[in-house]
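Please read these numbers as outputs of a predicted model, since none were measured by experiment. As the structure lists them, so they are numbered: ligands from 1, and atoms in each ligand from 1.
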Amino acid sequence: MRPTRAEIDLAAIAHNAHAVLGVLGPSTQLYGVVKADGYGHGAVEVAHALASAGVQGVCVALVEEGMELRAAGITLPVLVMSGVYRDGFDLALRHGLTPVVYDPAQLPWLHRTPGPVRVHLKIDTGMARLGVTLHELPAVLQSLADARGVVVEGLMTHFANADCDDPTFTHVQMDRFREADALVRAAGFGPLLLHAANSAAAFRLPDTRLSLARVGIALYGVAPFPHGGPALLPAMKLRTEVISVREVPPGSPVGYAGAYRTGRRAILATLPVGYADGFFRRLSSEAEVLIRGARAQVVGNVSMDLCTVDVTNIARAHGVSVGDEAVLLGSQRGPAGFDSIRAEEIAQRVGTIAYEVLTAVSRRVPRAYLPAR
Ligand SMILES: *Cc1c(COP(=O)(O)O)cnc(C)c1O
């Protein structure tokens, strides 16, 4: 019933996928990253849209996420990048998922897996997070060679700094990755799918494209680096409607702790969205939303379910009433003009990155899908 919802534009995702496919060219496959429920957009719907757009595979973080895709009928290769625990290899096998081996501690589980299993091996070239180090690699390769039915299909690494302007460390990581590749081939494995690039690397470091690129954030329309990025279409619009309008005298405290006081006679509009929806409390008196095509400032503390915006100027010029649309993320056209708010803007105000803004939109916010055109 609440008018707060996230509208997901599947045509924008298809557009972005085509843009990435164009950049990658015919010799590099695109694996769309749909972990964390498709960066908040809905993994199943996004994966269907990506499949139609011609991507060759998808990546998730967890076996559970891969199983959700299989249950929904996704038949693309699904790479499980960061979460195969204990009997997870069995589950991955049963659901046709491709697990990543990223730590020698996984090898005993892999050895106990009954059937033939295809895995990708991850090398730590500088993230110090997941991945087998060059030092551990010879022993791991020996163990993989001894494991019955294990087929090493791919070799991967992940970049720490691909979104930074200075490519030096990414080149260091690439050198280590090539060294690992040489060791793996010398041990008799291959041919392998080699992959390293995320969105940022895929766009601006051609050497990193290899067999396939694992692209996430760009598919959702967020520029993977601040300047000179590709033209991408944001796929999520977070919108609600005004549920109450009031006029208050100068000096009125607004919201919890009276953290904001009106400086003049003000017209305030209440919106049914709060931090439990992913509209961060850090945005208190900080964010702007679009109403009637113009920006209105959030005033006072964002509450769990509600927030308040100052619409004095918009209301005097164009009127503001209950039922008017308020856009927290995305574009709006109205009598006052046209404007848009990108996830990058909110991220900057909160002191985080657009990835967190998108994935923070909580389960309480229904997703509505605009079809791919
Ligand atoms: C999330 C993730 C990606 C995608 O990164 P983007 O910056 O969203 O393109 C690629 N590889 C790994 C290992 C990841 O965890």
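Between Phe203 and Phe225, the ring planes lie perpendicular to each other; the angle is over 60°, past the 30° to 60° tilted range.
At a 4.0 Å heavy-atom cut-off, ligand 1 touches Val33 through the side chain alone. At a heavy-atom distance under 4.0 Å, atoms from both the backbone and the side chain of Arg214 approach ligand 1.
If you check which protein heavy atom lies closest to atom 7 (O) of ligand 1, you get Tyr355 OH, 2.6 Å. Remark: minimum distance from atom 5 (O) of ligand 1 to any protein heavy atom is reached at Asn198 CB, 3.6 Å. Nearest to atom 8 (O) of ligand 1 among the protein's heavy atoms is Tyr39 OH, 2.5 Å. Remark: minimum distance from atom 14 (C) of ligand 1 to any protein heavy atom is reached at Lys35 NZ, 2.9 Å.
In the model, Arg342 has no side-chain atom that pairs as donor or acceptor with a side-chain atom of Ser340 under 3.5 Å.
Inter-residue side-chain proximity for Val215 and Asn16 is flagged as unmet; no heavy-atom pair is nearer than 4.5 Å. In this structure, the side chains of Leu121 and Leu141 come closer than 4.5 Å at one or more pairs of heavy atoms. In this structure, the side chains of Ser284 and Tyr260 stay at 4.5 Å or more apart for every pair of heavy atoms.
Residue-to-ligand polar distances place Gly216 within reach of ligand 1: an N/O pair is separated by less than 3.5 Å. Residue Met156 has no N or O atom closer than 3.5 Å to an N or O atom of ligand 1. Of the polar atoms of Ser199, at least one N or O is found under 3.5 Å from an N or O of ligand 1, judged by distance alone.
Those atoms of ligand 1 with a heavy atom of Ile217 less than 4.0 angstrom away are 6 (P), 7 (O), 8 (O), 9 (O).
Tested against Thr125 for a side chain to side chain donor-acceptor pair (under 3.5 Å), the candidates His158, Gln173, Arg176, Glu179 yield a single pass: Gln173. Residue His195 forms a side chain to side chain donor-acceptor pair (under 3.5 Å) with just one option from Lys122, Arg209, His120, and that option is His120.
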